[in-house]
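A quick write-up on the structure given underneath.
Sequence lines set the chain letters: A, B, ... in the order given, protein chains first and strands last, and positions in each chain run from 1.
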Amino acid sequence: MSLKVHNSLSRKKEIFKSITDGHVGMYVCGPTVSGESHLGHARPFITFDVIYRYLLYLGYKVRYVRNITDAGHFEEEGREAEDKISNKAVIEKLEPMELVQKYTNLFHWAMTQFNNLPPSIEPTATGHIVEQINMIEEIIKDGYAYVANGSVYFDVEKYNTDYSKKGLPYGILSGRNIEEQLDTTRDLDNQEEKRNKNDFALWKNAPPEHIMRWKSPWGEGFPGWHIECSAMSTKYLGDVFDIHGGGMDLIFPHHECEIAQSTVCNHKTPARYWLHNNMITINGKKMGKSYNNVIKLSELFGGTHPVLTQAFHPMTIRFFILQTHYRSTLDFSNEALMAAEKGLKRLWEAYENLQKLDIKNQISSDKALEEKIKQSLAEFDEFMNDDFNTAKVMANMFELVPVINGIKNKQLPADTLSGSIIELLQQKMKTYLENIFGLKGDGVDNEQLNGVLQLLINIRKEAKAKKDFVTSDTIRNELIKLGVQLKDEKDGSVSYSVN
RNA sequence: GGUCCGGUGGCCGAGUGGCUAGGCAGAGCUCUGCAAAAGCUUCCACAGCGGUUCGAAUCCGCUCUGGACCUCCA
């Protein structure tokens, strides 16, 4: 049973084999820190976090590189060529790096909220200007880029002509044919500098008003749209590495350009497996800046967006995302999130119940069920090995819930399962929920709160004993309003859960 | 216009040529002082039309329809 991943290059599932035994190099396109992250951004970072965690679970030593794009790219749409970041900085009266820092911090905060593991290396574009310039020089030297008015452009046509012969045409990833797209490209800024409309900038000459600027062999300017990822992935992962990830919307032109640049420079196709997550949609439309339909993460966690009726915990979002396969679109709605919230609560409570079950040295009284559970647990790995099918693992987990709760609440005999399978369940669920899926409880483990609640529970017990149901119900109802739910267990004990 | 991907029950979503996906919501029951929780049972599907097949939601064709990319975009 080996890991299979869907490779965007071949558009097929392929058996994953790392270049170096036991090691995986993975590069994922990170955020542009010129604004606050929204729900759509959360998907790749959660998706690839789980992929990272799963690779670790499989025993690989993984170098996970995720960049921070902190050098501004362009604003198009007929405007003057401007550095996006410096443009906004002027509006907000901030230093560019101050703005970048602010949004980097906010991004890191969100990643922590989601319980995403930090990448091994998180390089910034501004920290790798030298590497980018070096790479551009290489490309010029090889004859695949040309200088025009202090800017440098990649010669797509020449690349396509030469590399098509080697079976590596421009468009290899996105399935595009450059001849067919000539008429569709809109008027871009400084179009006249390009020899060909398909050419893209490696380096842009900075107009005087540009704040972010660096000296280069071609004058003062800033790096082009795609070169940072090529430069940084090469530097930290080598000419060829295992996995390159990102959102599907980056396939063209971003990843296509990356392939062209790196291939010229390193004479090799940079990544073996290209993995792309699908979009989060809202009312069927992609969530994105251009559509004006984004929900920022802070709005989600705070419940402050108009379409939301409540705040949503980061773990709810994480669970919501993992209930879908990463290559499918995920349609967001307040209702869908509420459903995810309830589902996660049920799953998590069963998980906590499971961890509290006594492991007794007993033989199962329900062999058929025991076999079914063994099968179900074995499928966890199978499903993950099949292109990270977290949705199917989740479905299996939910099928375990009634069994666990049934035993706990004595709706099933205590010896329904053998001690060994209970132990296996406990281990496997812990590994999957916490280590691989990266979910965690809300961490309400407050002695003070617990003491207060025990006091109330005892008072209520006394009231109930005296059939003073007015008092007992008042306590229960008031606690509900405060988000604490009391549960009268079968054995007469009382437990509670905090929302 | 080009390239590509979808259309699954009230909602979100897996999936495979023949076996209940799963979650949320709804209904009934058990438990309970009443609830909640939990358990059990249950309703509601595979856009449409043809074709292949013993058998298709799953394969093929057509129609309708939604979306992504082609421009910064996760």
Side-chain angles (χ1 to χ4, degrees), chain A residues 11 28-32 34 37-48 69 72-77 84 171 174-177 179-189 225 245-254 256 276-281 284-291 294 319-320 323-325 327-347 349-350 353 383 389-399 401-412 464 467 469 472-473 476-477 480 485-490 495-497:
Chain A
R11 274 160 233 171
V28 174
C29 289
T32 301
S34 62
S37 297
H38 62 254
L39 177 61
H41 297 123
R43 170 109 101 146
F45 304 130
I46 289 172
T47 298
F48 287 100
T69 299
H73 293 175
F74 303 151
E75 206 96 54
E76 236 77 51
E77 296 297 320
K84 195 195 289 175
S174 56
R176 263 161 240 277
N177 178 334
E179 285 88 38
E180 284 173 4
Q181 336 177 18
L182 290 180
D183 297 336
T184 63
T185 311
R186 289 190 200 171
D187 278 345
L188 297 178
D189 177 63
W225 315 357
M248 273 183 185
D249 49 355
L250 295 182
I251 290 176
F252 192 91
H254 184 58
E256 203 68 73
H276 292 99
N277 63 276
N278 214 136
M279 301 293 104
I280 287 184
T281 58
K285 284 243 190 322
K286 173 185 168 184
M287 185 180 286
K289 277 174 261 177
S290 348
Y291 299 93
V294 303
F319 173 79
F320 176 64
Q323 253 191 322
T324 312
H325 186 87
R327 286 193 295 108
S328 301
T329 53
L330 207 205
D331 200 43
F332 162 88
S333 68
N334 187 68
E335 196 187 356
L337 269 194
M338 294 209 313
E341 182 180 79
K342 286 194 179 169
L344 175 59
K345 184 167 188 254
R346 198 164 101 88
L347 180 63
E349 282 178 5
N353 290 337
F383 293 156
N389 200 328
T390 55
K392 286 188 98 173
V393 177
M394 287 290 188
N396 272 24
M397 284 182 172
F398 272 102
E399 291 187 330
V401 168
V403 179
I404 294 165
N405 287 337
I407 293 171
K408 189 242 173 191
N409 296 325
K410 305 190 173 24
Q411 285 141 335
L412 289 173
K464 275 175 75 174
K467 302 228 185 279
F469 295 122
S472 68
D473 289 353
R476 188 176 64 198
N477 295 338
I480 277 281
Q485 184 177 76
L486 297 185
K487 296 173 191 173
D488 294 329
E489 304 288 347
K490 274 212 154 171
S495 65
Y496 65 87
S497 67

Suppose we call a contact any N or O donor and acceptor under 3.5 Å apart; does that hold for the side chain of [X] and the base of [N]?
| X | N | answer |
| --- | --- | --- |
| A/Q411 | B/A38 | yes |
| A/R476 | B/A35 | yes |
| A/D488 | B/A35 | yes |

ask   = Is it true that A/E349 and A/K408 have a side-chain N and a carboxylate O under 4.0 angstrom from each other?
value =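 Salt bridge absent between A/E349 and A/K408.
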
Measure from the side chain of [X], starting at C-beta and using heavy atoms only, and say which of [options] lies closest.
| X | options | value |
| --- | --- | --- |
| A/D473 | B/C34, B/C40, B/G22 | B/C34 |
| A/N405 | B/G22, B/A36, B/G39 | B/G39 |
| A/R43 | B/G39, B/A74, B/G33 | B/A74 |
| A/Y291 | B/A68, B/A74, B/A14 | B/A68 |
| A/S328 | B/C69, B/A14, B/A37 | B/A14 |
| A/K286 | B/A14, B/A74, B/A37 | B/A74 |
| A/H254 | B/A74, B/C73, B/A37 | B/C73 |
| A/R176 | B/C73, B/C69, B/G33 | B/C69 |
| A/K342 | B/A74, B/A14, B/A25 | B/A25 |

Take atom [atom1] in [N] and the same atom in [M], then report the distance between them in whole Å.
| N | M | atom1 | result |
| --- | --- | --- | --- |
| B/C46 | B/G10 | C1' | 16 Å |
| B/C49 | B/A57 | C1' | 15 Å |
| B/A36 | B/G26 | P | 11 Å |
| B/U65 | B/C59 | P | 23 Å |
| B/G48 | B/C43 | C1' | 25 Å |
| B/C19 | B/U58 | C1' | 14 Å |
| B/G33 | B/C44 | P | 35 Å |
| B/C34 | B/G22 | C1' | 33 Å |

Who does [N] pair with, Watson-Crick or G-U, both distances under 3.5 Å?
| N | result |
| --- | --- |
| B/A47 | B/U63 |
| B/A27 | B/U41 |
| B/U3 | B/A68 |
| B/G18 | B/C54 |

Take atom [atom1] of [X] and atom [atom2] of [N], then tell me their distance rounded to the nearest Å.
| X | N | atom1 | atom2 | value |
| --- | --- | --- | --- | --- |
| A/I251 | B/G67 | CD1 | P | 19 Å |
| A/N277 | B/G67 | CG | C1' | 16 Å |
| A/N396 | B/G23 | CG | C1' | 13 Å |
| A/E489 | B/G39 | CD | P | 12 Å |
| A/E399 | B/G23 | CD | P | 7 Å |
| A/K467 | B/C34 | NZ | P | 10 Å |
| A/M279 | B/A68 | CE | P | 10 Å |
| A/K464 | B/A35 | NZ | P | 13 Å |

Does a side-chain heavy-atom distance below 4.5 Å link [X] with [Y]?
| X | Y | value |
| --- | --- | --- |
| A/L330 | A/R43 | yes |
| A/Y291 | A/K286 | yes |
| A/N405 | A/N353 | yes |
| A/E256 | A/R176 | no |

Ignoring hydrogens, what is the shortest heavy-atom contact between [X] and [Y]? Give both atom names and the distance.
| X | Y | answer |
| --- | --- | --- |
| A/P402 | A/L412 | O-CD1, 4.3 Å |
| A/S472 | A/K464 | CB-CG, 3.6 Å |
| A/F45 | A/H41 | CD1-O, 2.9 Å |

Examine [N]: is either OP1 or OP2 under 4.0 Å from a nitrogen or oxygen in the side chain of [X]? Give yes or no.
| X | N | value |
| --- | --- | --- |
| A/R346 | B/A36 | no |
| A/K289 | B/A74 | yes |
| A/K285 | B/G67 | yes |

Mind checking [X] for me? I need base, sugar-phosphate or nothing, with any heavy atom below 4.0 Å counting as a touch.
| X | result |
| --- | --- |
| A/G40 | base |
| A/H325 | sugar-phosphate |
| A/F398 | sugar-phosphate |
| A/M248 | nothing |
| A/M287 | base |
| A/V401 | sugar-phosphate |

Could you list all N or O pairs between the protein and nucleotides 5-12 of chain B that sit under 3.5 Å apart?
unit_1, atom_1, unit_2, atom_2, d
B/C12, O3', A/D331, O, 3.4

ask   = Just checking, any donor-acceptor pair under 3.5 angstrom between side chains of A/T281 and A/D331?
value =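 Yes, because at least one side-chain N or O of A/T281 sits under 3.5 Å from a partner of the opposite role on A/D331.
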
message = For B/A74, is there a stacking contact with A/F45, counting only centres under 5.5 Å and planes under 30°?
response =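 The ring of A/F45 is not stacked on B/A74.
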
message = Between A/Q485 and A/I480 (side chain of the first, backbone of the second, donor and acceptor by atom type, cut-off under 3.5 Å), is there such a pair?
response =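 Checking the backbone N and O of A/I480 against the side chain of A/Q485, no donor-acceptor pair under 3.5 Å is found.
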
inquiry  = Which is more 5' along RNA chain B, the nucleotide nearest A/S472 or the one nearest A/L344? Just name the residue.
reply    =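 Of the two residues, A/L344 wins.
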
query = Which sits closer to the 5' end of RNA chain B, A/F319 or A/V403, going by the nucleotide each is nearest to?
reply =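 The answer here is A/F319.
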
Taking distance alone, no hydrogens or angles, what donor-acceptor pairs closer than 3.5 Å link side-chain atoms of residues 338-347 of chain A to residues at least two apart or in another chain?
unit_1, atom_1, unit_2, atom_2, d
A/E341, OE1, A/Q310, NE2, 3.4
A/E341, OE2, A/Q310, NE2, 3.0

message = Before you tell me yes or no, could you show the steps for A/E489 and A/S495 under side-chain hydrogen bond (donor to acceptor under 3.5 Å, both in side chains), namely the whole-Å CA-CA distance, both residues' side-chain angles and the distance that decides it to 0.1 Å?
response = CA-CA 7 Å; A/E489 304 288 347; A/S495 65; 2.7 Å; yes

